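Worth saying up front: this structure is predicted, and the values here are computed from it rather than measured.
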Amino acid sequence: MGAGLRPTRGLLKLRRLFQKHAFWAQQRSDAELRRMLRGSDVVVSLWRGKRLVGFGRASTDGIYRAVLWDIVVAGDLQGRGLGRQVVEALLSAPSLRNVERLYLMTTNSAGFYHQLGFRNVDPQQLLIRST
């Protein structure tokens with residue numbers, strides 16, 4: 001579904017957005033994207049006409065913890081407040097609104113998230129286990 005819940009080739013457009021503008025998500029297949037979307041508690045997509053220009057999602061227990069994932073804006077539109085719109089839409093979702101602690105991970109965009117009230121947390125460490 002696309003803007004206004006109209007039928008669209010949304011999955012294809014999401015895959016292309018990731019391929020072009022999200023180095024961490026370039027190899028995701030349609031089947032993986034479907035599974036990812038089903039497992040997300042909140043999904044936000046930002047459209048300009050038929051073009052998917054922004055995306056973000058979150059998972060949460062609804063009370064203690066939530067994590068923002070896969071926030072991406074088309075590169076040619078960055079710096080115009082679209083990323084802020086995606087994040088604010090996620091944060092205003094009912095299931096995230098009163099969560100005690102909200103997490104996100106970023107490689108290159110810490111400054112952007114600091115502007116939105118996120119902060120670095122010491123002495124916490126990011127641990128990862130890959131399969």
Side-chain angles (χ1 to χ4, degrees):
M1 301 301 271
L5 299 178
R6 292 186 306 265
T8 185
R9 295 170 53 180
L11 203 59
L12 171 66
K13 292 176 182 182
L14 179 58
R15 186 167 30 87
R16 286 183 178 163
L17 183 71
F18 281 156
Q19 286 172 344
K20 289 183 179 181
H21 306 288
F23 68 89
W24 69 90
Q26 292 179 346
Q27 303 302 317
R28 294 179 181 177
S29 70
D30 287 354
E32 291 168 333
L33 292 175
R34 278 188 203 92
R35 186 172 176 189
M36 173 197 80
L37 292 168
R38 277 193 307 270
S40 299
D41 296 297
V42 181
V43 175
V44 170
S45 60
L46 188 59
W47 296 80
R48 289 281 168 100
K50 293 183 179 182
R51 181 182 178 205
L52 178 61
V53 297
F55 178 84
R57 64 187 185 96
S59 55
T60 184
D61 61 18
I63 186 167
Y64 297 113
R65 302 290 184 267
V67 183
L68 301 187
W69 304 103
D70 297 324
I71 297 168
V72 61
V73 170
D76 61 312
L77 296 174
Q78 290 179 1
R80 298 182 185 190
L82 302 179
R84 177 179 289 273
Q85 287 180 25
V86 170
V87 173
E88 288 176 350
L90 288 167
L91 297 178
S92 68
S95 61
L96 297 183
R97 204 172 294 140
N98 296 312
V99 170
E100 178 182 280
R101 197 169 284 180
L102 189 68
Y103 296 95
L104 69 83
M105 292 163 271
T106 185
T107 304
N108 301 319
S109 301
F112 167 74
Y113 293 109
H114 290 155
Q115 294 173 20
L116 297 171
F118 290 87
R119 60 183 172 77
N120 294 6
V121 179
D122 291 321
Q124 289 188 349
Q125 297 179 33
L126 171 64
L127 304 176
I128 189 168
R129 179 178 173 205
S130 298
T131 56

Say you draw a straight line from [atom1] of [X] to [atom2] of [Y]; how long is it, rounded to the nearest 0.5 Å?
| X | Y | atom1 | atom2 | answer |
| --- | --- | --- | --- | --- |
| Met36 | Arg38 | CE | CZ | 10.5 Å |
| Ser95 | Leu90 | OG | CG | 9.5 Å |
| Leu14 | Asp30 | CG | CG | 9.0 Å |

Can you tell me if [X] uses its side chain to pair, donor with acceptor, with the backbone of [Y] under 3.5 Å?
| X | Y | value |
| --- | --- | --- |
| Lys50 | Arg9 | no |
| Ser29 | Glu32 | yes |
| Ser109 | Thr106 | no |

Contact summary for Ser45 and Leu52, nearest pair of heavy atoms: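 For Ser45 and Leu52, the tightest heavy-atom pair comes out as CB-CD1, 3.7 Å.
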Heavy-atom pair of closest approach, residues Leu96 and Ala58: CD1-CB, 3.6 Å
Extract all donor-acceptor atom pairs below 3.5 Å that involve side chains of residues 114-131 and protein atoms in other chains or at least two apart in sequence.
| residue | atom | partner | partner atom | Å |
| --- | --- | --- | --- | --- |
| His114 | ND1 | Ala110 | O | 3.4 |
| His114 | NE2 | Asn120 | OD1 | 2.9 |

Min side-chain heavy-atom separation Ile63-Val99 under 4.5 Å: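 A side-chain contact under 4.5 Å is absent here.
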Non-neighbouring partners of Asp61 that pass salt bridge (Lys or Arg N to Asp or Glu O under 4.0 Å), sequence neighbours left out: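 By the salt bridge (Lys or Arg N to Asp or Glu O under 4.0 Å) rule, Asp61 matches no residue at all.
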Run the side-chain donor-acceptor check on residues 64-84: report pairs under 3.5 Å with partners two or more places apart or on a different chain.
| residue | atom | partner | partner atom | Å |
| --- | --- | --- | --- | --- |
| Arg65 | NE | Tyr103 | OH | 3.4 |
| Arg65 | NH1 | Glu100 | OE2 | 2.9 |
| Trp69 | NE1 | Ser59 | OG | 2.9 |
| Asp70 | OD1 | Trp24 | NE1 | 2.8 |
| Asp70 | OD1 | Arg28 | NH1 | 3.2 |
| Asp70 | OD1 | Arg28 | NH2 | 3.2 |
| Asp70 | OD2 | Arg28 | NH1 | 2.9 |
| Asp70 | OD2 | Arg57 | NE | 2.7 |
| Asp70 | OD2 | Arg57 | NH2 | 3.1 |
| Asp76 | OD1 | Arg51 | NH2 | 2.7 |
| Asp76 | OD2 | Arg51 | NH1 | 3.3 |
| Asp76 | OD2 | Arg51 | NH2 | 3.4 |
| Gln78 | NE2 | Val73 | O | 2.9 |
| Arg84 | NH1 | Glu88 | OE2 | 3.4 |

